[in-house]
Enquirer: 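Quick one: this structure, given as structure tokens, is what I'll be asking you about.
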Amino acid sequence: MNGIDAVVFALVDSNVKSVTGVPGFPITELMDAAMEKLRSEWSINEKVALDMALGSSVCGQRSAVITKHVGMNVLADPLVSSTTHTIGAGVVIIAGDDPGIEKSQNEQDSRFYGLVAEVPVFDPDCPQTAYQCIIDAFVLSEKTSAPVIIRITDRMLKTIGDFTRVNASVPTAGFDKKMWHLTMKGKHQRFHKTSYPLMCGYSENSRLNTIARRGKVGIISSGFSSHIVDFVIPDDISHLSLAAVNPLPMELVKSFVQGHERILVVEETEPVIEKQLSGVLGKLTGHMPYGKTEAEDIKNALGNIGRDTVSRDIVPQTIQKRGARPICDNCPYLPLYNAVKETGVPVAGDVGCVILASSPPLSLIDAAYSLGGAISTASGFDRKGIALIGDFGLAHSGINGLVNAVHNRHNVVVVVLQNEVSAMTGGQPVPDLTGLVSSYIRDTQVIDMDGGLPDLKKLLAEKLEKKGISVILARGKCPVY
Ligand code: SF4
């Protein structure tokens with residue numbers, strides 16, 4: 001058994017009726033495993049996934065959302081509102097972080113969303129804790145009438161370990177329409193009067209936060225970092241291992257800190273716990289690096305435990321050092337990429353396979369900020385440029401940018417790489433939006449990358465000459481999926 005099994009069985013044992021999610025590292029495999037045991041579906045985007053989970057909750061059915069960390073940005077809107085709006089049956093969001101950025105566009109820390117939305121966050125270190133966190137999370141979600149976040153990482157999911165299954169619990173709550181009697185201000189007041197104290201009470205007393213008192217130096221850790229700490233610390237160093245990290249159990253933490261002369265905080269990815277404390281050592285003092293925790297980092301930090309600050313020479317990683325991740329040699333879109341490069345106009349990219357065209361030898365893309373963002377970014381250019389977007393990016397949120405571009409009369413050539421799969425995340429199917437796009441945009445042209453291609457350079461030049469929005473739907477078959 002591993003962390004993936006623990007999460008899936010915890011969802012099953014919690015009587016979850018619906019799982020929604022969006023593919024991406026490190027949660028694709030987890031979602032695939034959930035799909036074998038639970039009613040699950042890949043959603044078009046993370047906001048849709050959470051909106052749907054909330055709908056299930058209203059009808060008294062427990063639901064879970066599985067997303068990578070960047071998806072937390074997309075679902076943040078209903079997440080923050082649902083906390084004060086209140087929910088019905090439990091909703092748990094499993095957020096897969098990527099410390100070390102193996103396969104992501106950034107290295108953000110999902111635990112911060114607990115502080116933003118004022119919802120409980122669990123950060124399990126191993127399969128057993130992950131299982132128990134999810135079991136507790138559904139009960140807590142119903143008690144506090146708010147979603148709960150479980151932060152996981154690839155290493156936690158892949159860790160081998162047993163877990164003890166418990167008898168299924170059942171939802172205790174349906175949605176109570178009485179909350180509509182409150183104003184928006186009243187809802188937030190109700191939250192702070194009733195829900196937030198319950199969250200704090202849970203954190204302070206959770207059996208999932210464990211303490212080993214052993215000496216004058218103590219470590220506070222959470223998540224997979226706790227797992228590593230347990231392996232490396234000497235016998236004379238104390239350890240407070242936190243799984244319930246938001247709200248931070250302040251009384252527990254204070255009592256631990258007071259009993260020690262030096263405290264080191266070990267956590268992935270950002271100093272979320274450390275920033276809430278004073279007089280401790282960690283990332284902010286240079287003792288620990290940002291991002292992924294390694295055993296060597298903890299040993300080095302303990303070696304410097306007598307110092308108040310440690311100078312850390314950060315050398316930003318280059319593509320040359322890491323190694324390039326170029327477009328596949330047999331990608332059907334290579335002729336199109338080459339033609340786009342020759343236009344000399346600004347090019348906004350997306351974070352699907354298109355992002356691979358940003359590196360040499362193509363070096364094609366000027367900027368690529370978010371999944372689905374290419375059309376809106378190109379709408380901000382000072383001249384007619386090109387938006388290169390995958391069909392998953394278009395369905396995810398790019399379609400909003402397209403509607404906005406037409407509505408506000410922008411000038412953009414939109415090139416959609418329409419291979420009907422999300423190739424970057426494992427080949428999940430993508431809806432065909434040809435009918436929708438061609439009925440909305442008069443200047444829509446379908447081309448086939450696998451045969452009968454027009455002169456691409458001439459085609460792009462013609463579209464760039466025209467005013468308004470031009471769409472090229474470039475159909476091609478990805479040889480990988
Ligand atoms: S995975 Fe498919 S679509 Fe992506 S670069 Fe490779 S061949 Fe092209």
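Every heavy atom of this structure was used, including side-chain atoms; hydrogens, water molecules and symmetry mates were not. Order of listing sets the numbers, starting from 1, for every ligand and every atom in it. The chain is numbered in sequence order, starting from 1. The structure displayed is predicted, hence computed values, not measured ones.
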Enquirer: Would you tell me whether Gln108 and Asp97 have side-chain atoms, one donor and one acceptor, within less than 3.5 Å of each other?
Expert: no
Enquirer: Within less than 2.8 Å of atom 8 (Fe) of ligand 1, any N, O or S from Cys478?
Expert: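 Not a single backbone or side-chain N, O or S atom of Cys478 is under 2.8 Å from atom 8 (Fe) of ligand 1.
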Enquirer: Any atoms of ligand 1 less than 4.0 Å from a non-hydrogen atom of Pro479? List them with their elements.
Expert: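 Reading through ligand 1 atom by atom, the close ones are 7 (S).
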Enquirer: Apply side chain to side chain donor-acceptor pair (under 3.5 Å) to residues Ser56 and Ser63 and explain how you reach the verdict.
Expert: CA-CA 6 Å; Ser56 300; Ser63 54; 4.9 Å; no
Enquirer: Is Cys331 close enough to atom 4 (Fe) of ligand 1 to have an N, O or S atom under 2.8 Å?
Expert: no
Enquirer: Using a heavy-atom cut-off of under 4.0 Å, does the side chain or the backbone of Leu417 touch ligand 1, or both, or neither?
Expert: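 Within the 4.0 Å criterion, Leu417 makes no contact with ligand 1.
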Enquirer: So, does Arg111 use its side chain to make a donor-acceptor pair with the main chain of Glu270 at under 3.5 Å?
Expert: yes
Enquirer: So if I apply the side-chain contact (heavy atoms from CB on, under 4.5 Å) rule between Leu242 and each of Ile273, Asp125, Asp123, which one comes out positive?
Expert: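 Of all the options given, the one that passes is Ile273.
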Enquirer: Below 4.0 Å, non-hydrogen atoms only: which portion of Cys328 touches ligand 1? Side chain, backbone, both or neither.
Expert: both
Enquirer: What atoms in ligand 1 come closer than 4.0 Å to a heavy atom of Val480?
Expert: 1 (S)
Enquirer: Pick one: which of Val245, Val265, Leu115 meets side-chain contact (heavy atoms from CB on, under 4.5 Å) with Gln276?
Expert: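 The passing option is Leu115.
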Enquirer: Let me know which of Glu107, Glu102, Glu268 forms a salt bridge (charged side-chain N to carboxylate O under 4.0 Å, His left out) with Lys292.
Expert: Glu102
Enquirer: If the cut-off is 4.0 Å to any non-hydrogen atom of Asn419, which atoms of ligand 1 fall inside it?
Expert: 3 (S)
